[in-house]
Structure formats: structure tokens, C-alpha cells
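What's counted below: heavy atoms across the whole structure, side chains too, no hydrogens, waters or symmetry copies. Predicted model, so just to flag it, every value in this text is computed and none were measured. Naming convention: chains lettered A, B, ... in sequence-line order (proteins, then strands); numbering from 1 in each chain.
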There are 2 protein chains.
Amino acid sequence: MQDTTIQATKRAAITNQSQAVSADLIAVVIAVTNGEPRVLTIEQAQALPSGPFELGHRSLQSGLRAWVERQTGHPLGYIEQLYTFADRDRTGDERVQISISYLGLTREEHAERSAAHGWRGWYDYFPWEDHRAGVPSILPDILMPRLQAWAGEADDPDMRHDRWQRVAIAFGFDDRHWNEELVLQRYELLYEAALVAEATRSWDNGNRPSIPGRSMIADHRRILATGIARLRTKIKYRPVVFELMPPTFTLLQLQRTVEALAGRLVHKQNFRRLIEQQDLVEETGETMSDTGGRPAKRFRFRQTVLAERAVAGTKLPISRA
Amino acid sequence: MQDTTIQATKRAAITNQSQAVSADLIAVVIAVTNGEPRVLTIEQAQALPSGPFELGHRSLQSGLRAWVERQTGHPLGYIEQLYTFADRDRTGDERVQISISYLGLTREEHAERSAAHGWRGWYDYFPWEDHRAGVPSILPDILMPRLQAWAGEADDPDMRHDRWQRVAIAFGFDDRHWNEELVLQRYELLYEAALVAEATRSWDNGNRPSIPGRSMIADHRRILATGIARLRTKIKYRPVVFELMPPTFTLLQLQRTVEALAGRLVHKQNFRRLIEQQDLVEETGETMSDTGGRPAKRFRFRQTVLAERAVAGTKLPISRA
DNA sequence: TCCTATTATGCTCACGTTGAGTATAACTCG
DNA sequence: CGAGTTATACTCAACGTGAGCATAATAGGA
């Protein structure tokens, strides 16, 4: 093999400086209960489950599973990698901290409640993201004027224009459409405008009150935003919603789950048409009659299509216009 | 702030075991020249540019840029993160190696040639991925029978079926359509079937000749596959192709670039329709007359739409059927 | 029992998108 | 000047998608 040079280079480098690295695993674990999307948290809902990647872990994924189970008692099902970032460690020493974040999906069940950890509705952290009941008032009443002020306070007129354009696109101002996938861009704009608590914590500015929405330690809320954005994108082309569903369900329950995630409503008949024509589900034969109307057929996810669709795609009628 | 517990936990863990971590940055740098997609390599085209993440690096991205420039003399433009994985280090000691891979796009220009590094056509590594001139003969002649044999040699009939189904979906056998995005799945199947050199290197089996296609050290070819897959997906909804184009170009040049990346041809008239109706480009006023036919208008990418489209999406007429 | 509210489910329709093909236009080269 | 080649403008049918109408099946109360 001719890779001797490379391996030698690596070894040399490793022996020098790069050992001053530690790797953290951070989990965004999502479940949907009673039509509300929730995230698994620790530390009084101020942090995501996380812990260092250790020698004992067989892989990044298994390390993550171990940490989440240890900290919350909740076993993980589906997980996928989100993003990796590095920061000069805030603890002071000259160590570099690498954080590898994951998105996990489960159902909220055997979750043992405790004071230290628990499920929190994700809209507690991002109240401007829930458009199921129309545009939330926080948007026109609070965010819009504050962001407008932020854009306007730039010196350069070009920069003012640029700021406002980014804001308008991300938040759907100026007659633009709301795009539910831009969760991260929105959070980052609010951070840049110093409207969220995380942005104002370190340097002291006493006078600017932050906007509604629960905050988290370090950049955990940013990671949560990344996870939500990924999930909102992904449900449109991969059958991941089913990871969040009980074994059997009605189409309305499925729809409510999708709506909870997307933060917007979908056309009922079109939703059913799309789900059924894709052969994603099959009837169990039973019906469910306690929802106040005509009984609904129960469905079950067709495991068979997993192999095919996991690769070939799925569609959901969430408008893109 | 209430994050003291967490920070304490982190510090404790860092001091214990997790310092035995080193982080590598690996780059998949792509350019398209003369209608051929190429990847920047080192070590006689057997490795991707890479190096350890060091204390001196301000961020992961800047560390990566530094390594690529040092090893190849080529400055990077657009880059995005691909994936992070961890492996027990192959150098023997009990260190854990974390690899963070990136996709970079540039134009092959100031690239100083040298024996050690250079641009290599990516289809040298994946000859079965180029369908521009129809289904490459390697698919029916070599891959198909060898994969069939591999599927058939499983003991369990269920496993035989499962193997063949995965193969058929990934490679478009049994009258299925070729899906150019499944680059990684295809490579992984070939690896699982021990048909690529990387899979047979470590344990000795002298008798199974590997299939055509240049190999790389460690898992670099796998990372390249990840990058190609990402790029093939991304050109369909983000205007990243323009990162690979010269300042001005004809629509045919643009089309050829897209085709080179996707590994398949597109309908010319529809391609133009789509590009133009999205206002992605504007005429420069000049024309280009050395292509053997009617002179083509020169176009330039409209930087203006970057802000909007970077977020709002783009479309390319690469059939999904 | 019948009416009302509520959810389930089937079906239609208009419209935009997309794959595919036809028809010209404008060059170069021999 | 005709052949070859590329550019560019249109047309058309099929399909996907958003939206709405209509009917079915249940519970609960008048």
C-alpha cells in the first residue's frame, strides 16, 4: 500500500497539537404527543442530552444512545447525524471542543418523569414557528418591529437593505410566503440581531429585553433549530413520520402529527390522497370511533415499503408556494 | 446561569478519557473541466486532501481550507460539511479518530500540477456512475452478474431476497429506473459484496478480483461517494452549479456541466426553459461563436438571486421517474 | 326519533409543471 | 451554396397539485 506518507503525516500531527481535542455528542430527540412536538431535555429544560464521546463507545451513534439513556432513561430508535461544529472551549483552557449533533425520533412512552429531565414542547423555544392557528401574533407584534429596527440601525444603506431582505425572506414579511423550513435561518437572524437571550448573555447590555421563547445553555437552542429544520425538510421526502407514530393510527392522527411538525395545516383530502396513493399504509381492518364523528379506519405503516421508499422518496402536501 | 452542572460534567469527562481523540479534516473538492467532473487528490490520486484539526485553526472550515491549500496549492471557494464519522484508529494505539468531511466546489484554474497531487476524473473511481452515453457496459457485463452471485450466496432465502432487492433498487436492475443520487448506496453494496479493493484489502482473499474503478486509501473513496451523492442531490434544488462555472458561459456549457455531475443527459429545450424562467441568469450581450453552429448568447449568473434562491430553491430537469 | 355537529371519505376541476417533440434561425466549413 | 451543427421558439399531452363540493357514518341532545 502506498499510503505510508499519509499515515506518517497523521501520526506526526497527532503527536503534536491535535490531541487537545474533545468530542461531545448532543442529541435532539423528538416525539409528538397529543399533537404537540416535544424535545427531550435535561437540566430543567435548559439543555439537550449530551456527553463526551469516550473510548468505550463503539461508534458515535452508540455513544449517543448511551448518553441519552443514562441521562433520561429513554431508549432511542431512529437517529441521524445533524451537524458537527467546533468551538474554542468555553471552560478556559486551550482545548478545542468538537460537538457532533444528532436528531433522534421516538414515541413518548416509557419516559420516566423527573425534575431533571423531561419532554418540552418545541414551540416553547420557538413560539414564532407555530402557524397552525394562523400567523402567531408574536410575529407582527414583536418580531417584525424589532427586526425592522435592527435592520434600520445599520450604518451602510446597502447593509440595511441586505439585512431587511434576509429578514423578509426568512420570516415571510412584505407579502412573502412563510417557509416553515427556515427555522435555523430565523433563529440565526434573531441571534445576529441580539434578540434572543443567548446572544446577549456574554457581553453585557442590560437594556435590550429579549423576545419571548425559552432559551437554552450554550448553543443548544441553535442545535434544536437545526434538528427541527432538518425534520421539517425530511418529512416531505422520506417516510420518517412513522417513527413518531404508534403501531396503528388513523389518517387524521397522522395528519395532525405532520401538521405539528410542519407548524402549518394541510388540506385533509389531499393529504389522504397522497398518503394512500403512495401505498405507505394499509388498513388494519379495525376502526376508531371515539373522535366525535364517523369512525375512522385504522392504518398501519407498511414496513415493506421501507426498503424502497427509504431510498425512493415520499411526498407530503405541504405547500411550497 | 444554571449550566454549572453541565459544564462541570463536561470538564470532568474531558479530564478523564475523552482526550484520546484526534480530529481529521477531509476534503472532497470538485471542479468540472471540459465536461468532466474532477476531484482534487493527493498521493498519486489515492487520497483526498486531509489533515488534522489543530489548535491554530479558527474553525473547522478554515482548518480545512488551510490543509487543502498547503497540500495542493488550490484555494477553496464554496464548501459545505458532509459527514462526521469515528473509527478506532488504524495506527494501533487506543486513540479514537474522528473524521469530518467537507464538500468543496471550485473551478480548475490556478491548479499547479505536480506528481503528488492533481485533478482526477471522478468516473475513474466510479465507472458505473456515468450514464451520459447510455448504461455503461460495466453494469450489465460485470456488476450485475457479480452482485447476483453475491445475493445468491446467502444461506437464508430471505436474505437472498433482501440482498437482491437492495441491489436492484440501487443499480436499477429488473426494469427499475436508474437513480443517479444513490451513489453512496451503490458503493456500500459493492463494499458489502467485497467487490471493491478497499473491502478485500485487510483480510486476505486472493481469489476474488475486484471490479474496475480506481480505489483509494482508507475510506476516502466512500467519502468521495458521499460528496458526489450530495452534489447530485443538491444541484436539483440549490443553484450550486454556478460555483463550478466561469464568470460567463453559454446555456449549453451550463447544461454540459449539470450533465457531467448528474451522469445523465437532459432535454435541451426543457433545460433552457427551466433555467430562464427562474431568472437565474442574465444575458451579457456578447455571443460565443466558436462552437460550430449558430452563435450562443453568453450568460452570467445573477448574483442578485443568491440571497433569495440560496434559500428558496432551484430546479433542474433531471428526470425523477 | 330526528336534527345537528363532527369527522370520514369519495370525487371533480382548474391550473401549473414537465417530458417530449416540431420547426426555424444562424452560424462554420468545405 | 449546401451540409452539418448548434441555438432558440413553440406546441402538446400527461400528470401532479391545490381547492372545493358532496355524501357517509357516527354521537349527542332536543
Side-chain angles (χ1 to χ4, degrees), chain A residues 34-35 131 177-180 235-237 248-259 262 264-300 312-321, chain B residues 34-35 131 177-180 235-237 248-259 262 264-300 312-321:
Chain A
N34 302 324
H131 287 228
H177 290 281
W178 173 257
N179 182 341
E180 75 280 351
I235 50 170
K236 292 182 191 157
Y237 66 100
T248 71
F249 46 84
T250 67
L251 290 185
L252 185 59
Q253 286 170 342
L254 182 63
Q255 181 184 344
R256 293 290 176 236
T257 302
V258 168
E259 290 174 335
R264 49 163 54 191
L265 302 178
V266 306
H267 183 105
K268 186 170 183 166
Q269 295 91 321
N270 292 346
F271 180 81
R272 310 174 102 263
R273 175 174 65 188
L274 220 47
I275 297 294
E276 290 185 305
Q277 84 185 14
Q278 288 179 100
D279 283 321
L280 288 173
V281 298
E282 62 192 2
E283 303 181 12
T284 66
E286 308 154 76
T287 73
M288 172 109 173
S289 54
D290 52 347
T291 42
R294 170 171 168 178
K297 292 180 189 163
R298 278 184 170 286
F299 289 84
R300 154 183 41 231
T314 315
K315 294 174 276 186
L316 286 180
I318 300 170
S319 59
R320 296 119 349 132
Chain B
N34 302 325
H131 287 229
H177 291 280
W178 173 258
N179 182 342
E180 74 279 353
I235 50 171
K236 293 182 192 158
Y237 66 101
T248 71
F249 46 83
T250 68
L251 290 185
L252 185 60
Q253 286 170 340
L254 183 62
Q255 181 184 342
R256 292 289 177 239
T257 303
V258 168
E259 291 174 334
R264 48 163 55 189
L265 302 178
V266 305
H267 183 105
K268 186 171 184 165
Q269 295 91 321
N270 292 344
F271 180 81
R272 309 173 103 265
R273 175 173 68 188
L274 221 47
I275 297 293
E276 290 186 306
Q277 83 183 17
Q278 289 178 98
D279 283 320
L280 288 173
V281 296
E282 63 192 2
E283 303 182 11
T284 66
E286 310 154 77
T287 72
M288 171 110 176
S289 54
D290 53 348
T291 42
R294 170 173 169 177
K297 293 180 189 163
R298 276 184 172 286
F299 289 85
R300 152 183 44 231
T314 315
K315 292 174 277 186
L316 286 180
I318 299 169
S319 59
R320 296 118 349 132

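What separates CD of A:Gln277 from C1' of C:dC11 is a distance of 14 Å, to the nearest Å. Whole-Å rounding puts the B:Glu286 CD to C:dA26 P distance at 20 Å. A:Leu251 places its CG atom 7 Å from the P atom of C:dT9, with the value rounded to the nearest Å. Rounded to whole angstrom, the span from the CG atom of A:Leu254 across to the P atom of C:dA8 amounts to 12 Å. Residue A:Gln255 contributes atom CD, which lies 11 Å from atom C1' of C:dA8 at whole-angstrom precision. Taking atom CD on B:Glu276 and atom P on D:dC10, their separation rounds to 11 Å, with Å as the unit. Atoms CD1 (A:Ile275) and P (D:dT17) sit 12 Å apart, rounded to a whole Å. As rounded to whole Å, 16 Å separates atom C1' of D:dA19 from atom CZ of A:Arg272.
Of the listed residues (A:Glu286, A:Met288, A:Glu282, A:Glu276), just one forms a side chain to side chain contact (heavy atoms under 4.5 Å, CB included) with A:Phe299, and that residue is A:Glu276. The only option from B:Arg298, B:Lys297, B:Glu283 that meets the side chain to side chain contact (heavy atoms under 4.5 Å, CB included) definition with B:Thr248 turns out to be B:Arg298.
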Interface polar pairs with nucleotides 20-23 of chain D, N/O, under 3.5 angstrom:
residue : atom : partner  : partner atom : Å
D:dG20  : N7   : A:His267 : NE2          : 3.2
D:dC21  : N4   : A:Gln269 : NE2          : 2.5

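Rounding to the nearest 0.5 Å places CD1 of B:Ile275 at 9.5 Å from CD of B:Gln277. Here CG of A:Leu251 is found 12.0 Å from CD of A:Gln269. Values are rounded to the nearest 0.5 Å.
Minimum interatomic distance between A:Phe249 and A:Gln253 (heavy atoms only, all atoms of both residues): CA-OE1, 3.2 Å.
Evaluation of the side chain to side chain contact (heavy atoms under 4.5 Å, CB included) rule for B:Arg256 yields B:Leu252, B:Glu259 as partners, not counting sequence neighbours.
Under a 3.5 Å cut-off, the side chain of B:Gln278 and the backbone N or O of B:Leu274 do form a donor-acceptor pair.
For D:dA7, the OP1/OP2 oxygens have a side-chain nitrogen or oxygen of B:Lys268 closer than 4.0 Å.
Nearest-nucleotide positions on DNA chain D for B:Gly292 and B:Lys297 put B:Gly292 closer to the 5' end.
In terms of polar N and O atoms assigned as donor or acceptor, the side chain of A:Arg273 never comes within less than 3.5 Å of the base of D:dG16 in a complementary pairing.
At least one side-chain heavy atom of B:Lys268 sits under 4.5 Å from a side-chain heavy atom of B:Gln255.
The overall bend of the helix from C:dT1-D:dA30 to C:dG30-D:dC1, read as the angle between its terminal helix axes built from five base pairs each, is 10° when rounded to 10 degrees.
Distances from the side chain of A:Leu274 to the nucleotides C:dG10, D:dT17, D:dT6 place D:dT17 closest.
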